[in-house]
Novice: 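Got a structure for you, questions after.
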Amino acid sequence: MRLQQPIHVDKPVQSIKLRITTTDVPLSAAVLITDIQLQPGEQATGVVPNPAEIGTTATREQYRNGVINPGLKVVALSNAGKATPITMNIRGKGPTQIGSYRFGTLNGPALADGERHTASHGYGLVPLITERQDLNLDTMVAWRAHLRLGWTERE
């Protein structure tokens, strides 16, 4: 999942020093660091997939997740041959809208499943990935929230 629009800060980061340590690793094992994600604030993003896992395969389940901030647009890359409904799992606080779906005022997790036509909160149309298009969603959140999108690529 990719966020569009720059995040402006009053004081840009001048430098970052990172020290990674391991414990209880056998001498014969190798430790490879492939990705490091830094983000401001106290709310964690959850599991972030390795870039090698982002490729899309027909009939395979796809997941995109990340942290959304107020006013940002979410772009989820897809290459579906046919339109497919998505499932949105979100953990947030305050009034929340993703695309045309209004979750209402959240204080924790919520789910909207376009394939099963179920939702734990809110109302509206769960977004749909159209044929050979990426998913572009406007967001309206009161505070930073964690969003996970899921769908099955259709041929």
Side-chain angles (χ1 to χ4, degrees), residues 1-94 96 98-99 101 103 106-116 120 126-139 141-155:
M1 186 162 50
R2 179 174 63 193
L3 302 176
Q4 290 183 329
Q5 293 181 350
I7 299 174
H8 300 287
V9 293
D10 293 334
K11 182 179 177 187
V13 175
Q14 296 297 320
S15 69
I16 294 175
K17 291 182 181 180
L18 184 64
R19 181 176 164 212
I20 299 173
T21 60
T22 62
T23 57
D24 298 327
V25 177
L27 293 175
S28 61
V31 176
L32 303 174
I33 308 294
T34 58
D35 299 293
I36 298 173
Q37 177 180 345
L38 302 175
Q39 81 177 52
E42 70 285 347
Q43 190 174 25
T45 62
V47 178
V48 177
N50 185 294
E53 298 168 348
I54 296 298
T56 60
T57 304
T59 70
R60 196 175 108 196
E61 291 183 0
Q62 298 292 316
Y63 298 98
R64 306 291 185 269
N65 80 90
V67 171
I68 54 176
N69 288 291
L72 293 183
K73 179 178 285 236
V74 171
V75 178
L77 304 179
S78 174
N79 194 26
K82 292 184 180 174
T84 184
I86 68 167
T87 299
M88 298 187 292
N89 288 286
I90 189 162
R91 177 177 291 277
K93 187 174 183 178
T96 304
I98 307 296
Y101 193 86
F103 282 97
L106 297 179
N107 190 16
L111 166 76
D113 189 331
E115 188 154 8
R116 292 180 184 81
S120 63
V126 176
L128 183 76
I129 295 177
T130 56
E131 181 177 333
R132 301 281 180 226
Q133 297 291 317
D134 294 332
L135 181 65
N136 291 279
L137 299 171
D138 291 322
T139 64
V141 292
W143 182 244
R144 188 177 317 130
H146 178 253
L147 175 65
R148 181 178 186 219
L149 305 174
W151 67 91
T152 302
E153 293 278 314
R154 296 181 178 176
E155 293 186 279

Novice: Please determine which of T139, D138, N136 meets the side-chain hydrogen bond (donor to acceptor under 3.5 Å, both in side chains) test together with K73.
Specialist: D138

Novice: Can you name the residues that form a side chain to side chain contact (heavy atoms under 4.5 Å, CB included) with S120, not counting sequence neighbours?
Specialist: A110, L111

Novice: Specify the closest pair of heavy atoms between G94 and A142, including all atoms of both residues, with the distance to one decimal.
Specialist: CA-CB, 4.1 Å

Novice: Should E115 and W151 count as side-chain neighbours, where that means a heavy-atom distance under 4.5 Å?
Specialist: no

Novice: What is the distance from atom OG1 of T130 to atom CG of L128, rounded to the nearest 0.5 Å?
Specialist: 7.0 Å

Novice: Closest heavy-atom contact between P70 and R144?
Specialist: CD-N, 4.3 Å

Novice: When rounded to the nearest 0.5 angstrom, what distance separates CG in L135 from CG in L149?
Specialist: 6.5 Å

Novice: If you apply the rule side chain to side chain contact (heavy atoms under 4.5 Å, CB included), what do you find for I98 with I68, and how did you get there?
Specialist: CA-CA 10 Å; I98 307 296; I68 54 176; 3.5 Å; yes

Novice: Please round to the nearest 0.5 Å and tell me the distance separating atom CG of L147 and atom CG of L137.
Specialist: 8.0 Å

Novice: Output a table of donor-acceptor pairs, distance under 3.5 Å, between side-chain atoms of residues 82-90 and any protein atom two or more places apart or on a different chain; print 'none' if there are none.
Specialist:
unit_1	atom_1	unit_2	atom_2	d
T84	OG1	T152	O	3.1
T87	OG1	D113	OD1	3.2

Novice: Using the side chain to side chain contact (heavy atoms under 4.5 Å, CB included) criterion, which residues pair with A29? Sequence neighbours excluded.
Specialist: V25, P26

